[in-house]
Structures are given as C-alpha cells and as structure tokens.
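So you know, we letter chains A, B, ... as the sequences are listed, proteins then strands, and number each from 1. Worth saying up front: this structure is predicted, and the values here are computed from it rather than measured.
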Amino acid sequence: MNVPDPFKNDVEVQWCPGCPNFGILTALKGAFRDLRLEPHQVCLVSGIGQAAKLPHYLQCNFFNGLHGRALPVALGIHAANPTLTTVVTTGEGDCYGEGGNHLLHALRRNPDITVVVHNNEIYALTKGQGSPTTPVGEVRSLQVHGVEAAPLNMPAVAVLHDAAFVARGFAGDPDHLKDLLAEAVRCPGLSLVEVIQPCITWVRRPVSWYKERLWPVPPGYDPGDKDAALRVLAGDDGRFVTGILYRGPKRPLFGERFRRETGDEPLVRRGFPPKSSISALLDNFRMGE
Amino acid sequence: MTDCTIVIAGSAGEGIQTIGDVLADALSAHGYAVFTWQEYESRIRGGQNTYTIRVREDPCNAPTWEADILLCLNKGAYEKSSDRLKDGGILLAEEPYGEGALVIPFKAMAKEELGRVIYANTIAAGALAGVLGMERDALEKVLDREFAAKGPDVAEANRKAARLGYDAAGAACREACPWSFPRRGGSHYLVAGNEALPMGAVRAGCRFIAAYPMTPSTGVITFLAKRSEELGIFCEQAEDEIAAVNMALGASFAGARAMTTTSGGGFALMVEGISLSGMTEVPVVIVLAQRPGPATGLPTRTAQGDLLFAVHAGHGEFPKAVLAPADPKDAFHKMVRAFNLADRFQIPVIVMSDQFLADSRFTVPDFQVDASRPESFLADPKDFSAYKRYALTGRRLAPPRPRREPPPGDRRQRRARPVGAHHGGPGRNGPRHGGKKASQGGASAPGHGASRSLPHGGRPGDLLFLGIVPGRGPGSRGPAPGRRRARGHAPLDRTVASCRRDLPGGGPALGGGKQRHGPAGFPPSHGPGSDHGPTDPSQRRAAPHRPIHQEGLP
C-alpha cells in the first residue's frame, strides 16, 4: 500500500546534506499522519535559525516570523483559532536565547500548543557561535577561549513550572521521536519536546558520540513524579536523558475560561458585531435626558 | 455665556479623581458641555495632581488654565495651584490656606456626621455643587450609580454627605458665588479618548488585543478587558511589547482582527513586529499613545513628538498608514478606518494618541455611529482552487486573504498555504537580507528577492498620511490666512482651534513648537509637565557645551 504523504511538498530543503534535521522533519510528518491530521488542520510557527526553516518543508499552514518570536505568534494563532493544531518548531538559540522570555511566560499560560526545540548546542545558521546550551569549555567561533557561561537546562525549568508534557528525543531516532511528538500534540497544554540534534557541520562529532551518551529513562520511570523528573534532568552529567520525562498536573489552559464564557466558536469565525453592541457601549457614556 | 473652570488639586490617593468624576458627570447630566483634563505624576500615592473641569453651555473641548473655583485638598496642593485662581475666584479648602478661602472641614464633618473620613470626598463634591449653584439633589443620581455596587447604605451615606457639603457651601458663599447651573435639557456623551478608541475597535470587529501596560495607552486594553466576555474580544497582557505585537500578528494571521497598544519605549520594541507585518502582509492596528522625551520619557505627561518615528517605524520599506484622531469622536471613527485600511491594504496601521486625548473627557453631541462600519476585504474561497497568497499578480494589491471563515483550518483551504516571509537565509540566488516570497511559500524562491518585498507594487517610500494635516481636522478651523500656522497634529489641533476662538479678536497665531508638552496656549512654565522645566522647545536652552580642553588638561 502506497499512500501519498499529504504533508509532503516539493520545496527545496536548505539544510546541509545529511543534517539530522531531516530526521526531525520525518518524525514530525509521521506524527501528524499517526494523529490522522490533515494539512489544513495544522499550523506550524517558527522564528529564525535552521530549525525555523522546517515549516517550509511541510505542506500545511505556517508562519515563519521573527527571531525568537514564534511563541507569541503561536499564542495569537491559538487564541484566534484553537481548532488548529499549533506547533512551534524552533532551535535552542531561537527559543532559549532570543525568545527565552516568551518560553517562560508560555509555561505560565499553558496554551495547548507543542514546542519542538532542535537543540544542537550551537548557532549553526550564523556559523558556529556558542548557544545557550553549549557546554562550558567548548571552543566556538566567538568563545575563542571556551564557553564560560553555564548552559541552560530548559526542560528542567519546564518541569519546575509544571509544563503539561516534557520530553526529549534524538534526531537520529525518528521512530522514537515520532511517538514522542504525537504524544506531545495529543497532550492538552504546553508540551515541550527537546530534540538532541547533532550539528554535522560546526560541531563535527560523529553521531555515534551522541548515541553513546543517550540515556533513555529506565523502565518503570514515572513521568508524573516531579522530583524524579528534576533528578534525572539535574543529573544530566554529559548524558542526554531521553523519553517522556514529565507529565504535569492538570492546569487551566490558555483561553479556556474565555471560551467557556463566550462559546467554542473560534474568534476567526465570529464575524463583525451587530451595531446594537456598540450602541449599548456608548449608552454608558450618554449624559442628560 | 457661562464658561466656568473648576480645578481640584490634591495628592494621588486623596480622591481628586472621584470628586472630579462625580462633579463632571453631574454637570454633564444636567445638560452642560463639560471638558475635563488631568495632570498627574507617575506615582500611586502622594505628589500633587490636578483635575480640571471646564463647564459651558456649548461644547468647547479645550482646557483652560485659570480657575474660577479652586478646591485644595491639602496645603501642598494650595501652594502648587493657588496661582491658577483668577482674581475674584473662589478658593475652597479644608483649612484657611489662603486669604478669603471658603473653609469647609470636609474630613472633620465626615467623621462627626457620618462616622467615617472616607465620605470627605463626597462632601467636597457636594460643596462644589453648592458653590456652582446647582440644585441640592444634583449629585444624587451620579452617586447612586457610582456606589450602587456597594449597597444601599453606602449610597445613602454618600447622598447625605453630598447634601452636607452642599449646605455648608451654600451657607458660606451666598453672595460670593455668582454661578448658577440649573438643569438644562438635551443629552450628549462625555467620553475620553481611552474610551472612544476601544469602542471604535469594537465597532471595527476587533477580536483580539494583546498589550503590555504602559501609560497613557493602558486605558484602551483595560476598557476591553473589563468587557472581554460580553464583547467576545480576547484580551491578553503580554510579557513585553515584542510579544504583544507578535501575538496580535498571530491572531490576525489566523483570521481575527487584532490590535495592540503602547507608548514610546514600548513602540520602539514593537518596531521589528511592524516590519514583520509589512513583510508578511498581515494587517495589524497599533495605538501609539505618545509621551514626551526619549527612553522612558515622562509617562504621565503629554506630547506629540513621535509622529515621524511612527511614520518611519520599521526597517526595510513597506507601506503603512498613520492616523491621528482629533478628539474622541474622531478616534472612534479613525479606529474603524484603521482596521478597514489594515485589512484592505494588508498593512500595519498606527493610530496616534497622547495623554491629552487619552485621559481628557470631551463632550460629544452625537457619535454618528453609522458613519463608520467594518468592511471586509477578504476573498471568497469559492473563487479559487489553489490559493496563492503571495502570487505576483501585477496588480497593486496582493491577492486578498480568504474570507474570514476559512483561514488556516478550513478544509476548503486545503491547498491554500498562507506563508510567512523568509528572512535572508542561505539563498544562493537571493539577496542575503532581502525578504523572499514565493506565491505558495517556500524558503527558496530564486529570483524573488527584495524587490518583491515591497508588497502591492508600492514604490519605495510610498506612505499613507491620513488625518495629520494641522488645521484640517473635521470641524476645526484652519489658521487664518497669512498667519503663522499653529502646530500640533490632530488632537492638539482641536485645542488650537478652540483656543484661538476664545481669544480676543481670534487671538494671535499660536504654536511654533513642533513638540509641545502641554496643551497649546498654556504658559510653558505652567503647563502639564511644568515640574520638568520649560517645555516649549523654542524656550529650552541647550546645556552649555563642556569645553573640549579643560583647564589642567593638556
């Protein structure tokens, strides 16, 4: 059986040949198919960087905006039309660096969107500077004596703030990643999926180096246990813990109260208000008899 | 002809806003044309603020500086504002601060007669009603409305407080107070810019607003947030202005009319988002409530210095519209126009405001709501099979966005592909920092470079200037021929016209400074912002230059 992939398009991919980003692209398309989504039901949002190019290579709605600003755009899209499956595809420079503030506040708001962070520990599109996750001591083009600032541990931050879903996958294992992404989209609330993505151009470590350091969560690991999640993430000592790391407690969703009060009709279908609504407003300011 | 100005002076937190609002509402409800303006500091308690009410029979929405009646709530207020009192004006105060003051011990009366000092403000409002020669029950309806939520006991106590103040004033000033404000017929609106702007947005069909609080713009989103569910408008306080404008763009991209509001520094943060709106041809409306000065500026003062900044906001070239409303009625209609323009041309539209327009309450005889209506410029999805949002059509406008039901998420749009713009990137054929667009999207579109990034076939430098011509605001009077043109864009323009009308013989030509911190015609050292030195740039002296070679240096 050979069903054409509805998410496939014919745009020329501009990643380096052999880039593990291709694995993430494959996994994301596979996740959408597994979820029986159609292209018109999906909206991808991205900022700037190699990861942010990903939406161009799928057939679906997408908005490729400013560096670091994918999350606020995604929030606006989600508020206006929550029937869409909104997924942010971003890199650690875009999401943890330039737009770090937006991620922190997205964690507070808990919108039902999925954030996929390609973490390659480097600024690849600007040719090899240190990123917010580059390990201390590694020499990069601007960190000529080695990185001095400590790397950010955003999955741990997400756990601390009770993100609905926190997972980490590996770009070199698209099948596993596909399942993580599908589960992230299924889970209501903010889902953060960090993907370990080796950069084959600027970091030049063999993929085997990463594979040796992958550390899947052990059998019996309980993603509902916040302390356990923080322990495995804090004890990250050079290893990459992978799998479903955390499932946060049920929290109110971004826009949930508004929809409960005003109905489920998405804003985009509500049309113009009747003149009577503006007359009623103006009456509040009418004086005299 | 009656033209009376009441100034209420006191510290933040003392209640001048309540007194002013109650009195202004009551005068307005009695059929008088009221104009109010406020001068305040960037603090929640303390300082010295004023609330000025001008009452006339016919609308003249412009402030006056000199007071016929001055109410001072504390000694500092008297020291700051006493020079505003006209010769023969009435000073009303808690204690005998100045010569000939009508002394009414509001706080002591409140405590003795009503058991709580909190009623002192209503006693003061009642006293002002007495000084003005209003009817004894003049404030009752307004007080009932104001305190309805707090229960009948509170409302009754306030009525009593107003009568106490009224009687005390009446006894004290029987001959000294020449005014009389009996009820007149008719009705009109008493409304501030920060109320009219959001009402215009409602009329325009705005469905989403995200903003970061920044004086003097905050009132717009506050107005909508209070009525969010009733109006079906999603309101979100963003973590910063960058998020605010990007959220609005996201909502707009998805198909909802969206806006944001801000002031100087916040607008500076939004500029990249404005550029993004231009690049992606996603409509957005931005209310820019200007404040004086660079950087943080003076949050509570008024200025119109950011017009050129707004006109030129954004790197790269793209069309935008900048509208400057003259008064609340105009603000209402210009907001509708802003949304219509943004949608029609798929551009960012900036609506200029300032503290004077935002906070002042104007008398508007009629809003003529029907004069503006939301217009949709979206295409019918039935008209296309493969929707090409960025197709190069050779026409001035890009293909219209699909009608609002289907944007992202509708099956009919299956092949549709709204696309973001791609920034520079490694395009081998394209310019590095030019925007690129392909008709159906895609990062690589060799041959479509920056030249296409001027959407709609606009030429570099094409801009829309609307409603910013001085002296041409609707209903305003242009300067007399041969006179120096009064300066100030629209909101100030009304004031300029009103002031000229009031001066003997039409008055000398006003203005001259292109950036005024106070309403035109005010003594520069006394206008709002006066504690920050002369505000008319023509009067400002540059700090002496430091000599390059100082003594003792080689």
Side-chain angles (χ1 to χ4, degrees), chain A residues 9 11-12 14 38-41 43 45-46 48 53 55-57 59-69 71-81 83-84 101-102 104-105 109 125 255 258 261-263 266-273 275 277-279 281-282 285-289, chain B residues 25 28-31 185-191 195 199 202-203 205 207-208 210 228-229 231-232 234 236 238-240 242-243 246-251 253-256 258 272-273 276 367 369 374 404-405 407-411 413-414 417-423 425-426 441-444:
Chain A
N9 71 6
V11 174
E12 182 205 0
Q14 296 188 353
E38 293 186 54
H40 71 276
Q41 297 169 321
C43 189
V45 188
S46 72
I48 294 301
K53 292 179 185 174
H56 293 266
Y57 311 137
Q59 182 66 24
C60 64
N61 302 295
F62 78 93
F63 189 96
N64 179 192
L66 300 174
H67 192 25
R69 315 304 168 200
L71 265 165
V73 172
L75 277 166
I77 291 170
H78 179 67
N81 191 354
T83 66
L84 284 171
N101 193 27
H102 307 311
L104 295 179
H105 292 276
R109 292 189 178 100
L125 192 50
F258 178 82
E261 298 290 330
T262 68
L267 294 180
V268 297
R269 302 208 182 100
R270 290 193 194 190
F272 296 134
K275 190 189 154 191
S277 66
I278 191 66
S279 306
L281 267 186
L282 275 170
F285 301 93
R286 197 179 187 98
M287 301 288 181
E289 278 91 51
Chain B
D25 284 3
S28 188
H30 273 50
S187 79
H188 47 244
Y189 299 92
L190 182 62
V191 64
E195 293 156 347
M199 284 195 282
V202 173
R203 174 68 171 154
R207 288 288 176 201
F208 181 92
S228 166
E229 276 100 35
L231 298 169
F234 197 107
E236 183 65 9
E239 57 269 31
D240 55 37
I242 297 172
N246 279 282
M247 285 179 190
L249 285 172
F253 170 77
E272 196 186 13
L276 178 66
F367 262 87
V369 171
R404 74 189 45 250
E405 307 96 53
D410 188 288
R411 183 175 288 272
Q413 265 244 91
R414 194 161 160 176
R417 197 149 188 270
V419 67
H422 187 264
H423 148 97
S444 177

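Annotation: maximal heavy-atom pairing with chain B below 4.5 Å, among A/Gly68, A/Ala79, A/Gly255, occurs at A/Ala79. Comparing B/Ala210, B/Gly186, B/Ser228, B/Ser187 by how many heavy-atom pairs each has under 4.5 Å with chain A, the most go to B/Ser187. In terms of heavy-atom pairs under 4.5 angstrom with chain B, the leader among A/Asn101, A/Val73, A/Leu75 is A/Val73.
Taking each heavy atom of A/Asn81 and B/Ala254 in turn, the nearest pair found is CB-CB, 4.5 Å. Among all heavy-atom pairs drawn from A/Phe62 and B/Phe253, the shortest one is O-CZ, 3.3 Å. Considering every non-hydrogen atom in both A/Arg286 and B/Tyr189, the closest pair reads NH1-OH, 2.6 Å. Across A/Thr262 and B/Glu229, no two heavy atoms sit closer than the pair CG2-O, 3.4 Å. Heavy-atom minimum distance, B/Ala243 versus A/Pro72: O-CB, 3.6 Å.
The backbone N or O of B/Met247 sits nowhere less than 3.5 Å from a side-chain atom of A/Arg69 that would complete a donor-acceptor pair.
Partners of A/Arg109 under the salt bridge (charged side-chain N to carboxylate O under 4.0 Å, His left out) rule, at least two apart in sequence or in another chain, are B/Glu236, B/Glu239. Taking B/Glu195 as the reference, nothing meets the salt bridge (charged side-chain N to carboxylate O under 4.0 Å, His left out) condition, with sequence neighbours excluded.
In this structure, B/Arg203 CZ and A/Lys275 NZ are separated by 6.5 Å, a value rounded to the nearest 0.5 Å. Note: A/Leu267 CG to B/Phe208 CZ = 8.5 Å, rounded to the nearest 0.5 Å. The NE2 atom of A/His102 sits 5.5 Å away from atom CD1 of B/Ile242, with the distance rounded to the nearest 0.5 Å. With rounding to the nearest 0.5 angstrom, the CZ atom of A/Phe285 is 4.5 Å from the CE atom of B/Met199.
A 4.5 Å side-chain heavy-atom check between A/Leu281 and B/Leu231 finds at least one atom pair inside the cut-off.
The parts of B/Val202 that come within reach of chain A are both its backbone and its side chain, each placing non-hydrogen atoms under 4.5 angstrom from that chain. For a residue to count as touching a neighbouring chain, one of its non-hydrogen atoms must lie under 4.5 Å from one of that chain's; by this rule B/Phe367 touches chain A with the side chain only.
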